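Report on the structure given below.
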Amino acid sequence: MKKLIAIFLMMSLFSVSCNKSDRGSSSKQDAQGVPVIGDHENNIVPGPPIPTPTNSNLPALALSFDTNITLVSFTAAQEEKYNKAIEIVKLVVATEKFKNDVVNFTYNGQKAFIDNKSRTNQQIYQTILDAAETLKPIKNNTMDLEVQLYYAANTVVGYTNGGTRRIWVNTKFFNSFKENSVAGNLFHEWLHKLGYTHSSSSTPTRPYSVPYAVGYMMGNIGKNFL
Amino acid sequence: MKKLVIILTLLTSLMAQASIDEATMKSTEATSGEIKTSRSCFKELEILGCRHPREDLDQFRSCMRNVYSSLSPSCQKMVTQLYGRRN
């Protein structure tokens with residue numbers, strides 16, 4: 001009995017292996033120096049140096065940020081829409097505005113997010129570029145996710161939980177959202193995969209948490225790429 | 001036993017939800033004016049020989065900086081905001 005409970009607890013905390021659909025969307029850059037391989041100690045194995053554009057304050061990882069996203073049970077039209085949102089994510093991460101907005105984020109007179117895991121804004125920005133999800137703690141500069149659509153007649157745009165690489169997106173909102181808003185929600189949920197949290201209830205400070213604040217940044221900057 | 005397992009599952013499964021905040025989502029949704037402005041700016045850049053960042057981000061960035069002075073004021077403002085000041 002005790003063993004069963006212990007096993008069950010362990011299983012629910014770790015990732016759930018799900019059958020992947022026949023539809024998938026992934027984009028992986030060929031190396032022009034993308035450090036995508038992690039060794040057994042989860043360190044970045046450096047590849048060839050990534051050229052940094054001149055006259056830029058952006059780190060190279062912002063330009064090489066990539067995605068590895070599997071879409072589960074999407075129609076062709078839904079997949080096309082979601083892929084556009086994924087492209088927007090990459091474009092936004094590659095802007096100086098995104099970097100500046102994250103690094104200079106201010107709440108209550110201080111440059112800090114709510115529920116920031118004791119990290120500075122610069123450190124939070126770096127974790128975004130490193131893209132080491134909790135369930136796949138390799139700094140591969142790549143957003144690794146599974147996405148599945150569902151419908152619920154409530155106010156939840158999407159959700160995830162700590163034991164899976166999957167996020168769920170509510171078609172009640174997905175169907176009417178423009179791609180920049182889809183990108184914002186995608187980034188919000190992905191930031192949970194990086195370990196950032198927020199209050200479950202709508203408190204006055206929740207919008208200043210990392211998932212909410214940076215998700216909104218993604219949506220706002222993403223407007224420029226529609 | 002079954003009830004205990006169900007309760008344990010609920011307790012250990014931490015759900016992180018993104019709920020809609022109507023006012024904020026409205027501000028995030030792009031207006032037709034914003035879309036028109038950005039698309040006209042990228043059109044300007046395309047005419048000047050810059051590929052869209054979706055096609056080739058590196059080429060776009062270096063090209064954009066080269067043609068910056070030829071852009072309309074609104075387009076200059078947009079690319080400066082997105083990609084920083086042209087040195």
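None of the values given here were measured: they were computed from a predicted structure. Note on naming: letters A, B, ... go to the chains in the order of the sequence lines (proteins, then strands), and numbering restarts at 1 for each one.
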Between Leu82(B) and chain A, with a heavy-atom cut-off of 4.5 Å, which part of the residue counts as in contact: side chain, backbone, both or neither? both

Where does Arg54(B) contact chain A at under 4.5 Å (heavy atoms): side chain, backbone, both or neither? both

Most heavy-atom pairs under 4.5 Å with chain B, out of Thr95(A), Val92(A), Asn154(A), Ile167(A), belong to Thr95(A)

Choice from Leu226(A), Ile221(A), Asn224(A) maximising heavy atom contacts with chain B below 4.5 Å: Asn224(A)

Under-4.0 Å salt bridge between Lys43(B) and Glu46(B): yes

Does Tyr107(A) form a side chain to side chain donor-acceptor pair (under 3.5 Å) with Thr205(A)? I'd like the steps, not just the answer. CA-CA 9 Å; Tyr107(A) 169 67; Thr205(A) 57; 5.4 Å; no

At a heavy-atom separation under 4.5 Å, does [X] approach chain B through its side chain, its backbone, both, or neither?
{"X": "Asn185(A)", "value": "side chain"}
{"X": "Ser176(A)", "value": "backbone"}
{"X": "Phe98(A)", "value": "neither"}

Using the benzene-type ring in the case of Trp, are the ring centres of Tyr216(A) and Phe187(A) under 6.0 Å apart? no

Side chains of Glu189(A) and Trp168(A): any donor to acceptor distance under 3.5 Å? no

Identify the residue among Arg119(A), Lys117(A), His188(A) that makes a side chain to side chain donor-acceptor pair (under 3.5 Å) with Tyr196(A). Arg119(A)

Salt bridge (Lys or Arg N to Asp or Glu O under 4.0 Å) between Glu146(A) and Arg166(A): does it pass, once the steps are laid out? CA-CA 4 Å; Glu146(A) 296 174 359; Arg166(A) 187 167 295 193; 3.0 Å; yes

